[in-house]
A.B. asks: 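My structure is below; once you've seen it, I'll send some questions.
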Amino acid sequence: MAEKPLSSPPSPSAAPESPLARAERFVWLTARVLEQRRFAYHFLRGGADPVEAALTAYLDEDGGYGHALEPDLRGPVSQPLHTAHALRVLDSIGRCGGLRVERICRYLTAVSTHEGALPAIHPSQRAYPSAPFVPVVDDPPGELLSTGPVVGTLHRNQVWHAWLFRATEFCWTAVESLEKSHPYEVQAAVAFLDSAPDRPRAEAAADRLGRLVREQRLAVLDPDRPEEFPVADGYAPGEHHYPHDYARVPDSLARGWFTDEELSRSLDFLAAEQAEDGGWPLRWRAWAPGSALEWRPIVTIEALRTLRAFGRPLDG
């Protein structure tokens with residue numbers, strides 16, 4: 001009689017995990033509570049209340065948000081970039097309104113420049129660590145980079161506040177006078193234009209901006225040849241931007257800047273960027289271990305949302 005084998009033969013290899021399943025494992029392993037709850041809301045039918053509860057931990061008494069909500073700015077103090085991040089989260093769960101947004105608008109009024117615009121970094125950040133590429137100055141100017149996304153989010157949610165009138169005019173002037181720009185500023189302009197109330201004016205401004213993006217080669221149109229597209233001054237090596245970085249949803253005005261083939265290649269590249277650990281990488285300079293660790297789940301959630309918005313499969 002033949003001897004029994006000491007162990008049973010190996011079972012057939014399991015089917016590869018879906019991009020969503022791999023990303024979920026990455027989020028549970030690495031993410032802050034806020035990003036865990038955001039992931040659950042967007043992809044696991046979780047509720048909005050847990051997301052809002054986690055976001056409240058970053059809220060300061062002045063109505064702004066701090067505590068490294070935007071991971072490149074450390075410390076407890078409120079900052080426009082943190083507050084813009086909070087508004088994006090509230091917008092994504094359908095909670096961008098009511099008293100919470102009224103308090104946010106009071107904070108925005110308090111930290112704005114005389115023209116009603118938001119500085120990128122308020123000088124209160126000086127006492128705490130921050131990324132070297134976000135310098136702190138004593139009298140910072142208002143910037144489209146920080147103002148555009150906030151104004152766009154508030155308009156999209158039909159928020160009306162006295163601060164918004166001056167801030168909107170600042171954004172129009174800034175967008176329509178752009179001659180030379182860089183990808184993050186263009187993204188801020190798109191965030192404003194996609195929800196600006198004057199739609200014909202927004203469409204005209206977006207058309208002009210799209211020509212500028214192509215002329216200045218601010219979007220990598222062929223992911224196989226990124227070296228043919230320059231990296232903006234001050235950016236990290238390889239810190240390129242692609243069509244999907246501007247057109248995050250199909251109805252964005254930036255969608256018209258790119259052909260179907262260009263956008264499809266861009267989305268293929270985005271899908272292929274998912275790393276072995278299930279998360280998406282950072283393309284900008286990582287300056288502190290904690291900051292990089294906190295950013296990757298945020299970037300992962302946004303990558304998944306963009307792919308899903310364009311109908312790319314996540315479950316198979």
A.B. asks: One pair to check against side-chain contact (heavy atoms from CB on, under 4.5 Å): Gln158 and Ser195. What are the steps and the verdict?
C.D. replies: CA-CA 10 Å; Gln158 299 181 333; Ser195 299; over 6 Å; no

A.B. asks: Assess the residue pair Asp138 and Arg126 against the criterion (salt bridge (Lys or Arg N to Asp or Glu O under 4.0 Å)); give the C-alpha distance rounded to whole Å, side-chain angles, the decisive distance to 0.1 Å, and a yes or no.
C.D. replies: CA-CA 9 Å; Asp138 289 331; Arg126 190 181 299 283; 2.6 Å; yes

A.B. asks: Under 3.5 Å, is there a donor-acceptor pair linking the side chains of His244 and Ser266?
C.D. replies: yes

A.B. asks: Would you call Lys180 and Glu185 a salt bridge, taking side-chain N to carboxylate O under 4.0 Å as the test?
C.D. replies: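 Salt bridge: no.
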
A.B. asks: Which value, rounded to the nearest 0.5 Å, describes the distance between Leu59 atom CG and Ser78 atom OG?
C.D. replies: 7.5 Å

A.B. asks: State whether a side-chain donor-acceptor pair under 3.5 Å links Glu70 with His82.
C.D. replies: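 There is no such pair between these side chains.
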
A.B. asks: A side-chain contact here means heavy atoms from C-beta on lying under 4.5 Å apart; do Val150 and Thr83 qualify?
C.D. replies: no

A.B. asks: Taking the side chain as everything from C-beta on, heavy atoms only, tell me whether Leu253 gets closer than 4.5 Å to Arg199.
C.D. replies: yes

A.B. asks: Given 3.5 Å as the limit, does a donor-acceptor pair link the side chain of Trp280 with the main chain of Leu270, or not?
C.D. replies: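 Here the side-chain-to-backbone pair exists.
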
A.B. asks: Where the side chain of Asp277 meets the backbone of Gly279, is there a donor-acceptor pair that is under 3.5 Å apart?
C.D. replies: yes

A.B. asks: Run the salt-bridge test on Glu179 and Arg208 with the 4.0 Å N-O cut-off and return the result as yes or no.
C.D. replies: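 Here Glu179 pairs with Arg208 in a salt bridge, since their nearest N and O are under 4.0 Å apart.
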
A.B. asks: Could you give me the CA-CA distance, side-chain angles and deciding distance for Ser18 and Asp315, then say whether side-chain hydrogen bond (donor to acceptor under 3.5 Å, both in side chains) is met?
C.D. replies: CA-CA 5 Å; Ser18 69; Asp315 294 317; 4.8 Å; no

A.B. asks: Is there a donor in the side chain of His240 and an acceptor in the side chain of Tyr235, or the other way round, less than 3.5 Å apart?
C.D. replies: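 Result is no, nothing qualifies.
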
A.B. asks: One pair to check against salt bridge (Lys or Arg N to Asp or Glu O under 4.0 Å): Arg37 and Glu52. What are the steps and the verdict?
C.D. replies: CA-CA 9 Å; Arg37 291 181 171 180; Glu52 191 169 359; over 6 Å; no

A.B. asks: Indicate yes or no: at least one non-hydrogen side-chain atom of Gln216 is less than 4.5 angstrom from one of Pro230.
C.D. replies: no

A.B. asks: Is it true that the side chains of Asp72 and Ser291 contain a donor and an acceptor less than 3.5 Å apart?
C.D. replies: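 Asp72 vs Ser291: donor-acceptor pair found between side chains.
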
A.B. asks: Ring centroids only, cut at 6.0 angstrom: are His241 and Tyr184 within range, meaning strictly under it?
C.D. replies: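 Centroid separation for His241 and Tyr184: below 6.0 Å.
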
A.B. asks: May I ask you to say whether Arg22 pairs ionically with Glu276, meaning some side-chain N is under 4.0 Å from a carboxylate O?
C.D. replies: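 Salt bridge: no.
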
A.B. asks: Inspect the surroundings of CD in Glu227 and state if more than 12 heavy atoms from other residues, nucleotides or ligands are less than 6.0 Å away.
C.D. replies: yes

A.B. asks: Are the side chains of Ile121 and Pro140 in contact, using a 4.5 Å heavy-atom criterion?
C.D. replies: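 No - every pair of side-chain heavy atoms lies 4.5 Å or more apart.
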
A.B. asks: Do Tyr107 and Asp60 make a side-chain contact, defined as non-hydrogen atoms from C-beta onward lying under 4.5 Å apart?
C.D. replies: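 Result no, sub-4.5 Å side-chain heavy-atom pair not found.
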
A.B. asks: Okay, side chain of Glu35, backbone of Ile298: is any donor-acceptor separation there less than 3.5 Å?
C.D. replies: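 No, the answer is negative, given that no donor and acceptor are paired below the 3.5 Å cut-off.
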
A.B. asks: Give me the atom names and distance for the closest heavy-atom approach of Pro149 to Ala188.
C.D. replies: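 Pro149 and Ala188 have their closest heavy atoms at CD-CB, 3.7 Å.
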
A.B. asks: May I ask you to decide if Val33's main-chain N or O and Gln36's side chain share a donor-acceptor pair within less than 3.5 Å?
C.D. replies: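 Absent.
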
A.B. asks: Are the charged groups of Asp251 and Arg255 less than 4.0 angstrom apart, N to O?
C.D. replies: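 A salt bridge is absent here (no side-chain N lies under 4.0 Å from a carboxylate O).
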
A.B. asks: Do the side chains of Asp245 and Pro183 get nearer than 4.5 Å, heavy atoms only?
C.D. replies: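 In short, these two side chains do not touch, never coming nearer than 4.5 Å.
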
A.B. asks: Should Phe269 and Val220 count as side-chain neighbours, where that means a heavy-atom distance under 4.5 Å?
C.D. replies: no

A.B. asks: Can you find a side-chain donor-acceptor pair between Thr173 and Glu115 that sits under 3.5 Å?
C.D. replies: no

A.B. asks: Under the side-chain contact (heavy atoms from CB on, under 4.5 Å) rule, what do Leu87 and Tyr65 come out as? Steps first, then yes or no, please.
C.D. replies: CA-CA 10 Å; Leu87 282 170; Tyr65 287 77; over 6 Å; no

A.B. asks: Check side chain to side chain donor-acceptor pair (under 3.5 Å) between Glu273 and all other residues, then give those that pass, not counting sequence neighbours.
C.D. replies: Arg283

A.B. asks: Identify whether Val213 and Leu267 are in the same connected component of the hydrophobic contact network (ILVMFWY, side-chain heavy atoms under 4.5 Å).
C.D. replies: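 Val213 does not cluster with Leu267.
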
A.B. asks: Would you say the rings of His155 and Trp160 are close, in the sense that their centroids are separated by under 6.0 Å?
C.D. replies: yes

A.B. asks: Could you report the tightest heavy-atom contact between Phe310 and Val249, atom names first, then the distance?
C.D. replies: CZ-C, 3.5 Å

A.B. asks: Check whether the ring centres of Trp172 and Phe192 lie less than 6.0 Å apart, and answer yes or no.
C.D. replies: yes

A.B. asks: Any salt bridge between Arg103 and Glu61, counting N to O under 4.0 Å?
C.D. replies: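 No, this pair does not count.
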
A.B. asks: Please give me the minimum heavy-atom distance between Arg285 and Phe133, naming the atom from each residue.
C.D. replies: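 So the minimum-distance heavy-atom pair works out to O-CE2, 3.5 Å.
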
A.B. asks: Determine the minimum heavy-atom distance between Ala86 and Leu55, stating which atoms define it.
C.D. replies: O-CD2, 3.8 Å

A.B. asks: Does any N or O in the side chain of Gln274 come within less than 3.5 Å of the main-chain N or O of Gly278, such that one atom is a donor and the other an acceptor?
C.D. replies: yes

A.B. asks: Can you tell whether the side chains of Arg265 and Asp224 come within less than 4.0 Å, N to carboxylate O?
C.D. replies: no

A.B. asks: Specify the closest pair of heavy atoms between Val111 and Pro119, including all atoms of both residues, with the distance to one decimal.
C.D. replies: O-CD, 3.3 Å

A.B. asks: Run through Arg308, Arg296, Arg38, Arg88 and flag the one making a salt bridge (Lys or Arg N to Asp or Glu O under 4.0 Å) with Glu302.
C.D. replies: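 Output: one option passes, namely Arg38.
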
A.B. asks: Counting distance only, does the side-chain N/O of Arg211 pair as donor-acceptor with the main-chain N or O of Trp257 below 3.5 Å?
C.D. replies: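 No: the side chain of Arg211 does not pair with the backbone of Trp257.
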
A.B. asks: Measure from the side-chain N and O atoms of Ser264 to the backbone N and O of Asp260, and report whether any donor-acceptor pair falls under 3.5 Å.
C.D. replies: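 No, Ser264 side chain to Asp260 backbone: no donor-acceptor pair under 3.5 Å.
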
A.B. asks: Report yes or no: does Arg100 contribute a side-chain atom to a donor-acceptor pair with the main-chain N or O of Arg95 at less than 3.5 Å?
C.D. replies: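 It does hold such a pair.
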
A.B. asks: Could you walk me through whether Asp207 and Glu203 satisfy the side-chain contact (heavy atoms from CB on, under 4.5 Å) test, starting with their C-alpha distance in whole Å, then the side-chain angles of each, then the deciding distance to 0.1 Å, before giving a yes or no?
C.D. replies: CA-CA 6 Å; Asp207 184 64; Glu203 290 166 7; over 6 Å; no

A.B. asks: If you define the side chain from C-beta out and look only at heavy atoms, does anything of Trp163 sit under 4.5 Å from Leu118?
C.D. replies: yes

A.B. asks: Show your reasoning for whether side-chain contact (heavy atoms from CB on, under 4.5 Å) applies to Ser124 and Gln79.
C.D. replies: CA-CA 8 Å; Ser124 59; Gln79 286 291 326; 3.2 Å; yes

A.B. asks: What are the two closest heavy atoms between Ser92 and Val89, and how far apart are they?
C.D. replies: OG-O, 2.7 Å

A.B. asks: Within a radius of less than 6.0 Å around CG of Leu99, do more than 12 heavy atoms belonging to other residues, nucleotides or ligands occur?
C.D. replies: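 No, not enclosed.
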
A.B. asks: Could you work out the complete set of other residues in the hydrophobic cluster of Val77, with links drawn between I, L, V, M, F, W and Y side chains under 4.5 Å apart?
C.D. replies: Tyr128

